[in-house]
Structures are given as C-alpha cells and as structure tokens.
Amino acid sequence: MPKGKGPQGKKITLKVAKNLVRVAFNGRRRLDLSNMGIATFPKCILELADVEELDLSRNMLRKIPNIIEKFQNLMWLDLHSNQLDELPAEIGTLKNLTYLNLCNNKLTTKGLPEELTLLKNLRTLNLGLNCLETVPTTLGKLRELIELGLFDNSLTLIPKSVKKLPKLEKMNVKRNPLPEFAKEEEPIDTVKRIESLYLVEKKDLCSSCLEACQGEKDELHKLEDMTPGPSNKPSFPSLTTPNSTAMDNQEEWRIK
C-alpha cells in the first residue's frame, strides 16, 4: 500500500491494553480491543498472551500475523467485522480454542488454511458474510463442532463430511445459491375456482333451480346485513398498546 494511503488506524499501547483486560462471567480473562479503529495487529499485546479470550472484532484489520501462535491459552477468539481475506496457518496451533468468529470479513476458500482442521476442540465456527465459494471437506474433521455459520456466501454445495458432523446442532446456510433453495415454493391458491360459467335468464330456469338460486341469494343478503359498518369509536393506530399516560392525556383533551 502506498505511503499515506488507506486507513492508518489507532495505535494501541501496552498500558491501554492492560486497562482493557477484564474478567468475564465465566472467570476467564478477556482482552477486549473491539471497535477501536485498529488497522494493524498490535504487537504490544504479546505481553498479554496468557489471556483466555481475545476480542478484536469491528476493526480494520487486513491481516492476522503468525505471532497469533503465542496466544496458546486462547479459548475464545472474535475477529468478526474486519477486512481479513486469509488466515495464517499458525491459527491451527491454538489447540484450546472452542469459539472462533470470522463473520463479516473478506475470506475466500483459498484463504482458509488446512491447519484450521487442527482445532479439535472447536465447538463454534462462524464463517458467515464472507466470500466463500466452497466449503473445505476437511472441516469434517472438526468432530466437536456444534454450531457452524456459513450464511451469506456464494456456496453451491455443502460437503457430506460437514453435514454429517456427529455433534453438529446448528448450521446456518441462508442466502447462498444452494440448489435446494433455488426453486421457491409456489404459493397455494386458496380461491375456489370453476372451469365453466353459464349465464341464463331467470325465465329459463326450472322451478327447483330457481328456488335454489333464490335461497343462496337470500343467504348472501343476510351476510351483508351482518357485516359491521364503520365504527364511530376513535382509533389510535400509532399506539400499539395504549398506556395509562396516553389514557390520561385523552381525558384532558376531552375536558378542554
């Protein structure tokens, strides 16, 4: 990238990073650097590589460096909403990882390293809102996977090895050009229709037919008489559920 071009991003110091370490509800230490305007992975956080959770979501990161392997205690890694188009092979060294969110990036199938399948403890993997054209069949090796997000990509096929993952409970594949979603179901026509319609004059009907038609006509008039007319009661369409304040205001308006 030419000098002076593109986002420079916010610089994170070690002091700032230390102040952003929190203890999560599960007792793990989390370093939350989300939505900080970071464009380059801050190397200073290597001093905090013993954290169990790392949140770098909603930044401008274009690359995750291979030094990510230093974070061996990581169980939870959130990188969603950045500008990543590939992952380093070293991602596969994070053997304790159970949660990995890569949603809303620019990842291609080629940008997913084969080492991703080394994450044997991974339970949640979100690859939605990326640029994937195929799903690597090797993801079928993630035997502990429970949730898999593949929505909003360009997928035309989901490998059987992925569909048959033994513990998979949720797989979101919405808004992909998959064949099973290509043909939309035709709307059901609930209107009763007749093939032929004959018009005759009243004088040409026999007595029994005339009596039947007159009976149906009388029933129709009864239904018309039962149809309620426009109500004079004032309506308040903007109020979903009228509350006590609105009712008090109405009383004041009536008095005035």
Side-chain angles (χ1 to χ4, degrees), residues 1 5-108 111-113 115-116 118-119 121-132 142 144-153 170-172 174-175:
M1 183 180 294
K5 299 280 183 161
Q8 298 300 308
K10 182 178 179 180
K11 301 296 182 183
I12 300 296
T13 64
L14 180 58
K15 182 179 180 180
V16 169
K18 283 183 176 179
N19 289 332
L20 293 172
V21 175
R22 299 286 184 272
V23 177
F25 68 92
N26 52 18
R28 300 174 189 166
R29 292 198 307 147
R30 176 184 296 184
L31 174 54
D32 189 350
L33 295 174
S34 63
N35 200 23
M36 298 281 289
I38 302 171
T40 304
F41 190 90
K43 293 183 179 180
C44 67
I45 66 173
L46 287 177
E47 297 291 331
L48 304 170
D50 58 343
V51 295
E52 290 88 10
E53 300 187 358
L54 176 60
D55 190 347
L56 284 164
S57 64
R58 294 175 291 163
N59 282 297
M60 300 179 290
L61 294 172
R62 295 178 178 273
K63 183 180 180 181
I64 298 298
N66 55 14
I67 56 174
I68 192 69
E69 65 183 354
K70 300 294 183 182
F71 291 79
Q72 285 298 304
N73 290 340
L74 275 188
M75 301 178 71
W76 191 93
L77 177 59
D78 195 343
L79 297 169
H80 87 264
S81 301
N82 278 284
Q83 299 179 36
L84 304 174
D85 57 11
E86 64 177 358
L87 295 175
E90 286 75 12
I91 197 82
T93 66
L94 307 179
K95 300 298 177 63
N96 292 315
L97 212 58
T98 61
Y99 175 96
L100 178 58
N101 190 351
L102 297 163
C103 176
N104 194 22
N105 277 284
K106 298 180 179 180
L107 291 169
T108 62
L112 297 179
E115 287 77 6
L116 198 63
L118 297 177
L119 303 176
N121 292 310
L122 201 62
R123 296 178 183 177
T124 300
L125 175 60
N126 193 345
L127 291 167
L129 278 167
N130 276 288
C131 306
L132 303 179
L142 300 176
E144 296 297 315
L145 209 59
I146 296 174
E147 297 184 35
L148 177 60
L150 295 170
F151 54 91
D152 292 287
N153 279 287
K170 297 179 182 179
M171 181 169 65
N172 189 344
K174 292 181 179 179
R175 294 175 296 278

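The basis for the numbers below is simple: all heavy atoms, side chains too, and nothing from hydrogens, waters or symmetry mates.
Rounded to the nearest 0.5 angstrom, Leu129 CG and Lys106 NZ are separated by 13.0 Å. Going from atom CG of Leu150 over to atom CG of Asn130 covers 10.0 Å, rounded to the nearest 0.5 Å. Rounding to the nearest 0.5 Å gives a distance of 6.5 Å between CG of Asn121 and CD of Glu144. Rounding to the nearest 0.5 Å gives a distance of 11.0 Å between CE of Met60 and NZ of Lys10. Between the CG atom in Asp152 and the SG atom in Cys103 there is a gap of 8.0 Å [rounded to 0.5 Å].
Residue pairs meeting the salt bridge (charged side-chain N to carboxylate O under 4.0 Å, His left out) criterion with at least one member in residues 77-86: none, sequence neighbours excluded. For residues 51-60, the pairs satisfying salt bridge (charged side-chain N to carboxylate O under 4.0 Å, His left out) are Arg28-Glu53, Arg30-Glu53, with sequence neighbours left out.
Counting only heavy atoms from C-beta outward, the side chains of Ile146 and Thr124 never approach each other to under 4.5 Å. Put simply, the side chain of Leu122 does not reach to within 4.5 Å of the side chain of Thr98, judged on heavy atoms. Inter-residue side-chain proximity for Ile45 and Leu14 is flagged as unmet; no heavy-atom pair is nearer than 4.5 Å. The shortest side-chain heavy-atom distance between Leu116 and Leu100 falls under the 4.5 Å cut-off. Between Asn126 and Asn172 the shortest side-chain heavy-atom distance does not fall below 4.5 Å. Side chains of Leu102 and Leu107 form a contact here, defined as non-hydrogen atoms less than 4.5 Å apart. Under the 4.5 Å side-chain criterion, counting only non-hydrogen atoms from C-beta, Arg22 is not in contact with Leu31. Residues Ile38 and Leu33 have side chains in contact (heavy-atom distance under 4.5 Å, counting atoms from C-beta outward).
The minimum heavy-atom distance between Met36 and Ile12, with the atom names listed, is CE-CD1, 3.6 Å. Here the shortest heavy-atom pairing between Arg62 and Leu84 reads C-CD2, 3.5 Å. Of all the heavy atoms in Pro113 and Pro88, the pair that sits closest is CG-O, 3.7 Å. The two residues Leu61 and Thr40 come nearest to each other via the heavy atoms CD2-C, 3.6 Å. The two residues Leu94 and Phe71 come nearest to each other via the heavy atoms CD2-O, 3.3 Å. Shown here for Asn105 and Ser81, the closest heavy-atom pair between the two residues is ND2-N, 4.0 Å.
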- Steps toward side chain to side chain contact (heavy atoms under 4.5 Å, CB included) verdict (Gln72, Asn96): CA-CA 7 Å; Gln72 285 298 304; Asn96 292 315; 5.6 Å; no
- Chi angles and distances behind the side chain to side chain contact (heavy atoms under 4.5 Å, CB included) call for Ile68, Phe41: CA-CA 9 Å; Ile68 192 69; Phe41 190 90; 4.2 Å; yes
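Between Trp76 and Tyr99, the ring planes are parallel. Angles under 30° get that label, and only those over 60° would be called perpendicular.
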